[in-house]
Colleague: 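The structure follows.
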Amino acid sequence: MKTFTQRVYEIATQIPKGKVSTYKQLALLAGSPKAVRAVGAAMRNNPDTTVVPCHRVLASDGTMHGYSAGEGIPTKIHKLEEEGVKVVNGKVDLNIFLWKQSPQK
DNA sequence: CGTATGACTAGCT
DNA sequence: CAGCTAGCCATAC
């Protein structure tokens, strides 16, 4: 039995490039739709942003609450833009970039 | 084991 | 739109 945090990492690493996910979504996929707080805690504890694309994890509204790596929020936005995600007014269009957990897989 | 904290969310004012 | 409250889970101390 892995810890909730470990499971969140597994899911986060599955997020494809050019797509984003939300804390709520990750919590749901992890098995606890209300553990969004725990997801955030895991991301903050994030061991390696290289294996865990926490920058692809946004709030439920497509906005971002925080980021511990780089310059913080600015770096997070910049990374998303580099990935091909369009960031408008510090927000991302979840209707377009929201990851759908590869329904094929 | 109990308390405190947090990168959350939704609802109200 | 901005600010505050309440609920909820997992982790750290």
Side-chain angles (χ1 to χ4, degrees):
Chain A
M1 171 67 178
K2 296 185 211 175
T3 60
F4 184 84
T5 305
Q6 185 60 65
R7 181 164 302 216
V8 172
Y9 291 152
E10 293 285 305
I11 300 169
T13 45
Q14 286 170 76
I15 303 175
K17 175 173 168 274
K19 290 279 182 172
V20 301
S21 189
T22 68
Y23 297 103
K24 198 168 118 183
Q25 187 66 54
L26 284 176
L28 182 68
L29 297 173
S32 298
K34 292 181 174 168
V36 290
R37 311 284 309 262
V39 176
M43 289 294 130
R44 190 181 187 270
N45 213 9
N46 181 319
D48 288 292
T49 62
T50 57
V51 297
V52 183
C54 41
H55 61 268
R56 290 183 191 153
V57 184
L58 312 174
S60 61
D61 285 347
T63 53
M64 30 194 106
H65 273 237
Y67 193 62
S68 36
E71 305 283 306
I73 304 301
T75 299
K76 187 168 179 177
I77 297 172
H78 193 77
K79 280 178 173 288
L80 289 173
E81 292 186 314
E82 291 290 291
E83 297 275 312
V85 178
K86 188 171 82 161
V87 183
V88 179
N89 194 12
K91 313 196 274 193
V92 178
D93 295 286
L94 297 179
N95 295 306
I96 308 173
F97 299 105
L98 180 60
W99 176 45
K100 288 170 185 162
Q101 199 193 12
S102 307
Q104 236 167 71
K105 191 175 152 207

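Note on naming: letters A, B, ... go to the chains in the order of the sequence lines (proteins, then strands), and numbering restarts at 1 for each one.
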Colleague: For DNA chain B, determine which residues of residues 56-64 of chain A have any heavy atom closer than 4.0 angstrom to one of its atoms, and list them numerically.
Modeller: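 Contacting residues: A:A59, A:S60.
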Colleague: Reading DNA chain B 5' to 3', which nucleotide is the first, and which the last, to come under 4.0 Å of any heavy atom in chain A?
Modeller: B:dG6 to B:dA10
Colleague: Would you say that A:V20 contacts A:E83 through its side chain, given a criterion of any heavy-atom pair below 4.5 Å between the two side chains?
Modeller: no
Colleague: Given C:dA12, is OP1 or OP2 found less than 4.0 Å from the side-chain N or O atoms of A:N45?
Modeller: yes
Colleague: Quick one: does A:V92's side chain get under 4.5 Å of A:L80's, heavy atoms only?
Modeller: yes
Colleague: To check you understand the geometry: which heavy-atom pair defines the closest contact between A:M64 and A:G90, and what is its length?
Modeller: CE-O, 3.8 Å
Colleague: Hey, can you pull the residues of residues 15-24 of chain A with a non-hydrogen atom under 4.0 angstrom from DNA chain B?
Modeller: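 Contacting residues: A:Y23, A:K24.
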Colleague: In residues 65-84 of chain A, what residues come within less than 4.0 Å of DNA chain C, judged by heavy atoms?
Modeller: none
Colleague: Is there side-chain contact between A:I15 and A:V57, with heavy atoms separated by less than 4.5 Å?
Modeller: yes
Colleague: Measure CG/A:L26 against P/C:dC9 and give the value in whole Å, please.
Modeller: 18 Å
Colleague: Let's see if you get this right: which residues in residues 29-42 of chain A place a heavy atom under 4.0 Å from DNA chain C?
Modeller: A:S32, A:K34, A:A35, A:R37, A:A38
Colleague: If you define the side chain from C-beta out and look only at heavy atoms, does anything of A:H55 sit under 4.5 Å from A:T75?
Modeller: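 No, side chains not in contact.
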Colleague: Would you check if the side chain of A:Q14 reaches a backbone N or O of A:E10 as a donor-acceptor pair within less than 3.5 Å?
Modeller: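 Judged by distance alone, yes, a pair lies under 3.5 Å.
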Colleague: Is there a side-chain contact between A:K86 and A:I96 (heavy atoms, below 4.5 Å)?
Modeller: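 Contact flag for A:K86/A:I96 side chains = no.
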Colleague: So, do A:W99 and A:T22 sit near enough that their side-chain heavy atoms are less than 4.5 Å apart?
Modeller: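 Result no, sub-4.5 Å side-chain heavy-atom pair not found.
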Colleague: Where is the tightest heavy-atom contact between A:A12 and A:V52, given as atom of each residue plus distance?
Modeller: CB-CG1, 3.8 Å
Colleague: Rounded to the nearest 0.5 Å, what separates atom CD in A:Q25 from atom CG in A:L58?
Modeller: 12.0 Å
Colleague: Measuring only between side-chain heavy atoms, which start at C-beta, is A:Y9 closer than 4.5 Å to A:K2?
Modeller: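 Answer no - side chains too far apart.
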Colleague: Find the distance A:M43:CE to C:dT11:P and express it as a whole number of Å.
Modeller: 13 Å
Colleague: Treating Ile, Leu, Val, Met, Phe, Trp and Tyr as nodes and any side-chain heavy-atom pair under 4.5 angstrom as an edge, say whether A:L98 and A:V85 lie in one connected cluster.
Modeller: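 Result: yes, single cluster for both.
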Colleague: With side chain to side chain contact (heavy atoms under 4.5 Å, CB included) as the test, would you mind laying out the steps for A:R56 and A:K79 before giving the verdict?
Modeller: CA-CA 9 Å; A:R56 290 183 191 153; A:K79 280 178 173 288; over 6 Å; no
Colleague: Looking only at heavy atoms, which two atoms of A:F97 and A:G18 are closest? And how far apart?
Modeller: CD2-O, 3.4 Å
Colleague: Can you name the side-chain contact (heavy atoms from CB on, under 4.5 Å) partners of A:D48, sequence neighbours left out?
Modeller: A:T50, A:V51
